[in-house]
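Sequence lines set the chain letters: A, B, ... in the order given, protein chains first and strands last, and positions in each chain run from 1.
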Amino acid sequence: MAKEIKSRSEDYSQWYNDIVRKAQLADHSAVRGCMVIKPNGFAIWENIKAQLDKMFKETGHVNAYFPLFVPKSLFEAEEKNAEGFAKECAVVTHYRLKNDPAEKGKLMVDPDARLEEELVVRPTSEAIIWNTYRGWINSYRDLPLLINQWANVVRWEMRTRLFLRTAEFLWQEGHTAHSTKEEAIEETRKILAIYADFAENYMAMPVIKGIKSANERFAGAEDTYTIEALMQDARALQAGTSHFLGQNFAKAFDVQFLNQNNKREYVWATSWGVSTRLMGGLIMTHSDDDGLVIPPKLAPTQVVIVPIPKPNEQIGEVADKIMANLRAKGISVKFDTDKKKRPGFKFAEYEMIGIPVRIGIGMRDLEKGVVEIARRDTKEKMSVPVDGVADFVANLLDEIQDNLFQKAVKFRDEHITKADTFDEFKEIINGKGGFVHAHWDGTTETEIKIKELTKATIRCIPLDNEKEEGKCILTGKPSTQRVLFAKAY
RNA sequence: CGGGAUGUAGCGCAGUCCGGUAGCGCGUGCGCCUGGGGGGCGUGAGGUCGCAGGUUCAAAUCCUGUCUUCCCGACCA
């Protein structure tokens, strides 16, 4: 059978689309720019969600749910935020349809059912949440308020790609209120650390923690912190953001509290989010020309057992025993008893959908008391005695998780390059790509100019950045540190 | 939102220029043979040609409109 996935070297975009389709992660829908997340894709998202949710709760956050619609007057209250999102908002103007008198069987918007005030479909929930918080916060005893919500949001994007940028997407958005600036900044950084921990230790996707330039900052924030990952095509992906909002929203929505000295103060705020975009990052960090590769910690099914050539009683017995042992260790496993498909076909199919470990059991193996274990990341195959399978697989899953991360780290590190002149800068951006570590004079004007000339943007100023005197690569003006540039998704 | 492509069977495509009532490969149903990396032979099923109008004796094909998807740009998580 012909290869069904375009190779990465031939056409990276097409490869990505092929993976999403062939691994049955998502489909396009009847609605422009909106996707259907299929069971294979949603199962991974559920794992992402479960782990993050646990981490949020361990740090004192609780979940709640706020409405999809935001009255326009609330939405516009925080000016910068409203301005930032205005161009991509869906707006509800009517609340009723009626039969179209001109065309039988058709419906039309009832012109008599215009809303007095339009409702904005949330592109993010700060407005509705801060309007609500005003009623919840009275005293310093009510603080901090640490709330998260899992929700869908809508941003009317011109150009969409499955998972990476869709008009509607799923995400979590945390919205916290604090009595001091320091505590809010600490919260912002704490969440960033959780995101980085999750990205690296669960997704096996190395990230750089940093702070955004003014130009790339979230509208309405004082500071935006980010985790930036690098995809296999050497383009950067913003994988999560955590915002220190200062008192902007507290002032816009008049959220004040009485401090211990009985004085009224505005609260300090944060917001933070990661979205289904992480799925895109996961795909583009690990997958290869044979299909999806999922790190074991997020794989809905970690191990699949394939009988060779087809199941019989003896193979079934061994498979059952192995499954029981694996499950006792908390490993998810599936036994493929489908008699209609051939082993070779199953091998290819499970590689396509990214199951980390495959166990092949045939009569020839059983005569020797072994099974064949194949790992998805390296395609390596090993013979392992039946009795030791559970321990072997448990170790192997850890090893795969680690190997995926190390491989990604190596690639990322090889694609961080220093540039000291603009010619060098352009050569790297247009050549090997990746992050370019270069001096910048700190002005938005220069940043925009560089973007116009090279399409590279400032991804972040790394938190662990070393201070270093230098000259801006474009203007030659003095600079105190290098920042990371890259072409980004 | 601008430029360029695209839409025909589940998937990938040909047919469109030069209108005449739809075809190929893969998949799929059934049968037999096979069986340690996407099997072989045989025999079937499956499409109001994206949608809506129009021209015509006749439209996948020509015209108009509209929508989808992809690529490039602008915008953006």
Taking only the [atom1] atom of each, what is the distance from [N] to [M] in whole angstrom?
| N | M | atom1 | value |
| --- | --- | --- | --- |
| B:U21 | B:A60 | P | 10 Å |
| B:U64 | B:A59 | C1' | 15 Å |
| B:C70 | B:U6 | C1' | 7 Å |
| B:G3 | B:U66 | P | 13 Å |
| B:C62 | B:A14 | P | 15 Å |
| B:C13 | B:C18 | C1' | 22 Å |
| B:G27 | B:C67 | P | 38 Å |
| B:G29 | B:G10 | P | 15 Å |

Quick one about [Y] and [X] (side-chain donor to acceptor, distance below 3.5 Å, no hydrogens or angles considered), yes or no?
| X | Y | value |
| --- | --- | --- |
| A:S213 | A:E447 | yes |
| A:Q14 | A:D18 | yes |
| A:T132 | A:W130 | no |

In B/S/- notation (B base, S sugar-phosphate only, - none; protein heavy atoms under 4.0 Å), nucleotides 66-76 of chain B written 5' to 3' is --SSSSBBB-B
Let's test your reading of the model: under 3.5 Å, does the base of [N] pair with the side chain of [X] as donor and acceptor?
| X | N | result |
| --- | --- | --- |
| A:E351 | B:G37 | yes |
| A:K310 | B:G35 | yes |
| A:R342 | B:G35 | no |

Cationic tip of A:R358 above A:F347 ring, under 6.0 Å, 45° of axis:
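Output yes; distance and angle both within limits.
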May I ask you to say what [X] touches in the nucleic acid, namely base, sugar-phosphate or nothing, with a heavy-atom cut-off under 4.0 Å?
| X | result |
| --- | --- |
| A:K341 | nothing |
| A:F218 | nothing |
| A:T166 | base |
| A:L237 | nothing |

Calculate the interatomic distance between [X] atom [atom1] and [N] atom [atom2]; express it in whole Å.
| X | N | atom1 | atom2 | value |
| --- | --- | --- | --- | --- |
| A:D336 | B:G35 | CG | C1' | 15 Å |
| A:K381 | B:G37 | NZ | C1' | 6 Å |
| A:F345 | B:G38 | CZ | P | 12 Å |
| A:K340 | B:C33 | NZ | P | 18 Å |

Could you tell me whether a side-chain N or O of A:S287 sits under 3.5 Å from a main-chain N or O of A:V293, the two making a donor and an acceptor?
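Confirmed, A:S287 side chain pairs with A:V293 backbone.
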Check: A:F85 ring centroid to A:W156 ring centroid under 6.0 Å
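No, ring centres 6.0 Å or more apart.
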Side chains of A:I44 and A:L282 in contact at under 4.5 Å (non-hydrogen atoms):
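SC-SC contact between A:I44 and A:L282 confirmed.
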Can you tell me if NZ on A:K54 sees more than 12 non-hydrogen neighbours from other groups inside 6.0 Å?
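Count not over threshold, so no.
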